[in-house]
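Working notes, beginning with the structure itself.
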Amino acid sequence: SFLNVCIYRIPKKENIVTTRSHCMSCDYSLKWYDLIPIFSYLALIGHCRKCGEKISPQYPLIELLNGVLYVLIFVVRGFSTKSVETLNYNLVSVLFCLAVSALLVLSVIDFKIYEIPVEVNYFLLVIGLIRVGLDYMNWVIYLIGFIVVSFFLYLIFVISKGRAIGGGDIKLMAVGGLLLGWQGILLAFILGCIFGSVIHLIRMKISHTDKVLALGPYLSIGMLIVMLYGNKLWAWYLGGF
C-alpha cells in the first residue's frame with residue numbers, strides 16, 4: 001500500500017510520510033481498514049467508501065505483485081537459521097525484498113514519466129551499502145560493480161549529451177552494483193537491454209508506442225532475475241567453456 005503512495009506522490013514532490021492517505025477525488029482520509037492490501041480493494045469493490053469514485057486497479061496489482069515477489073525470493077533462495085553464514089544469507093534475501101519494492105516503485109514511475117526518482121536510488125544505495133557490510137571481506141567485488149556498468153553508461157551520457165541515456169539509469173546501475181556485485185550487475189544490464197529491445201520493439205509494432213524507451217523497468221527485471229538466479233546463470237554460462 002505504501003508503494004502506491006510513493007508511486008503517486010514522489011513525481012508530484014509530495015510528502016510520503018506525514019500526509020495521510022486519502023481519496024484522490026473527494027480527499028476523504030482513509031481509515032486503517034481501507035488500507036489493508038488487496039482485501040480493502042475487494043471489500044470496497046474497487047470504489048471509494050465515501051464518494052464512490054473508481055479506484056485504479058494499479059493499487060491491488062502492485063500490492064499483489066510485491067507480495068508474490070517477496071515469497072518468490074525466499075522460495076527460490078531458500079531459508080535457514082543453522083549458522084551465522086546462513087543468517088547473513090537470509091538477511092541478503094530481506095535486502096533483496098526491500099530492493100524489489102523500490103524497483104517496483106521506480107519502474108512504474110519511469111514507465112509513466114520517463115524519469116527515475118533520485119529518492120529511490122538513494123534508498124537502493126543504503127541497501128547496497130548494507131549488502132557490502134554483510135560481505136565486507138569481498139568489498140572489491142561490489143566496488144567494481146558500482147563502477148563497471150555505470151561508468152560505461154556515463155560515457156554514453158557525455159558523448160550523447162544526455163540524449164541516449166538518462167542520469168537515473170546511470171545511478172541505478174551504480175547502486176545496483178553495490179547490491180549485486182560486478183558479475184551480477186553486468187548480467188542484469190545485459191538482460192535488461194535484451195528485454196528492453198525486444199519488448200519495446202513489440203510495443204512499438206502493436207500499440208504504436210513512442211520510440212523513447214523507459215529503460216528503468218527493464219533494468220529492474222534484469223536485476224530481479226539476477227537476485228533469483230544469478231549464480232545459476234553464471235554457472236551455466238561458465239560451464240559452456
Q: Go through the steps to decide whether Met173 and Met223 satisfy the test side-chain contact (heavy atoms from CB on, under 4.5 Å), and finish with yes or no.
A: CA-CA 9 Å; Met173 289 293 93; Met223 291 176 66; 4.0 Å; yes

Does any part of the side chain of [Y], heavy atoms only, come nearer than 4.5 Å to the side chain of [X], both counted from C-beta?
{"X": "Phe189", "Y": "Phe152", "answer": "yes"}
{"X": "Phe74", "Y": "Val94", "answer": "yes"}
{"X": "Tyr218", "Y": "Leu213", "answer": "yes"}
{"X": "Tyr8", "Y": "Lys12", "answer": "yes"}
{"X": "Ile202", "Y": "Ile199", "answer": "no"}
{"X": "Leu124", "Y": "Asn121", "answer": "yes"}
{"X": "Arg20", "Y": "Leu30", "answer": "no"}
{"X": "Val226", "Y": "Leu233", "answer": "no"}

Once rounded to the nearest 0.5 Å, what's the spacing between atom [atom1] of [X] and atom [atom2] of [Y]?
{"X": "Asn4", "Y": "Leu61", "atom1": "CG", "atom2": "CG", "answer": "9.0 Å"}
{"X": "Ile170", "Y": "Leu153", "atom1": "CD1", "atom2": "CG", "answer": "6.0 Å"}
{"X": "Ile147", "Y": "Leu178", "atom1": "CD1", "atom2": "CG", "answer": "9.5 Å"}
{"X": "Ile144", "Y": "Leu186", "atom1": "CD1", "atom2": "CG", "answer": "11.5 Å"}
{"X": "Tyr154", "Y": "Ile165", "atom1": "OH", "atom2": "CD1", "answer": "14.0 Å"}
{"X": "Asn138", "Y": "Asp135", "atom1": "CG", "atom2": "CG", "answer": "4.5 Å"}

Q | Remaining members of the apolar cluster that contains Tyr33, side-chain heavy atoms under 4.5 Å | A |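 Trp32, Ile36, Phe39, listed by chain and number.
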
Q: Report the hydrophobic cluster partners of Tyr122, with the cluster defined as I, L, V, M, F, W, Y residues connected by side-chain heavy atoms closer than 4.5 angstrom, directly or transitively.
A: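 Noted: Tyr122 shares its cluster with Val118.
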
Ignoring hydrogens and angles, write down the donor-acceptor pairs under 3.5 Å from the side chains of residues 97-112, residues two or more places apart or on other chains.
| from | atom 1 | to | atom 2 | distance (Å) |
| --- | --- | --- | --- | --- |
| Ser101 | OG | Asn66 | OD1 | 2.7 |
| Ser101 | OG | Tyr70 | OH | 2.7 |
| Ser101 | OG | Cys97 | O | 3.4 |
| Ser107 | OG | Leu103 | O | 2.7 |
| Ser107 | OG | Ser220 | OG | 3.2 |
| Asp110 | OD1 | Glu115 | N | 2.9 |
| Asp110 | OD2 | Gly216 | N | 2.9 |
| Lys112 | NZ | Gln58 | OE1 | 2.8 |

Q) Pairs in or reaching into residues 184-194: which pass side chain to side chain donor-acceptor pair (under 3.5 Å), with residues at least two apart or in two chains? A)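 Of all non-adjacent pairs touching residues 184-194, none passes side chain to side chain donor-acceptor pair (under 3.5 Å).
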
Q.
Quick check against the 3.5 Å criterion: does Arg9 have a side-chain atom that pairs as donor or acceptor with the backbone of Thr19?
A.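 Side chain of Arg9 to backbone of Thr19: a pair is present.
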
Linked, directly or transitively: [X] and [Y] (ILVMFWY side chains, under 4.5 Å):
{"X": "Leu179", "Y": "Phe151", "result": "yes"}
{"X": "Val126", "Y": "Ile10", "result": "yes"}
{"X": "Leu35", "Y": "Ile16", "result": "no"}

Q) Going by atom types only, do Ser93 and Arg77 share a side-chain donor-acceptor pair under 3.5 Å? A)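 Note: Ser93 and Arg77 side chains meet the donor-acceptor criterion.
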
Q: Locate the shortest heavy-atom distance separating Leu215 from Gly192; write the atom from each residue and the value.
A: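 Nearest pair, atom of Leu215 first, then Gly192: CD1-O, 4.5 Å.
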
Q | Residues in ring pair (Phe, Tyr, Trp, His ring centres under 6.0 Å) contact with Tyr28, at least two apart in sequence or another chain | A | none

For [X], all residues meeting side-chain contact (heavy atoms from CB on, under 4.5 Å), sequence neighbours excluded:
{"X": "Leu95", "result": "Ile127, Ile130, Arg131, Leu134"}
{"X": "Tyr41", "result": "Ile55, Pro57, Pro60"}
{"X": "Leu228", "result": "Leu72, Ile73, Val76, Leu224"}
{"X": "Asn231", "result": "none"}

Q. What residues form a side-chain hydrogen bond (donor to acceptor under 3.5 Å, both in side chains) with Asp27, not counting sequence neighbours?
A. none

Q: Not counting sequence neighbours, which residues clear side-chain hydrogen bond (donor to acceptor under 3.5 Å, both in side chains) with Thr18? List them please.
A: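 With sequence neighbours excluded, Thr18 shows a side-chain hydrogen bond (donor to acceptor under 3.5 Å, both in side chains) to Asn15, given in chain and number order.
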
Under 3.5 Å, side-chain donor or acceptor atoms of residues 44-53 against the rest of the protein: list the pairs with distances, not counting sequence neighbours.
| from | atom 1 | to | atom 2 | distance (Å) |
| --- | --- | --- | --- | --- |
| His47 | ND1 | Ile45 | O | 2.7 |
| Arg49 | NE | Asp34 | OD1 | 2.9 |
| Arg49 | NH2 | Asp34 | OD1 | 2.7 |

(Q) Check this for me: Phe2, atom CZ, are more than 12 non-hydrogen atoms of other residues, nucleotides or ligands nearer than 6.0 Å? (A)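 Atom CZ in Phe2 is packed in, count exceeds 12.
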
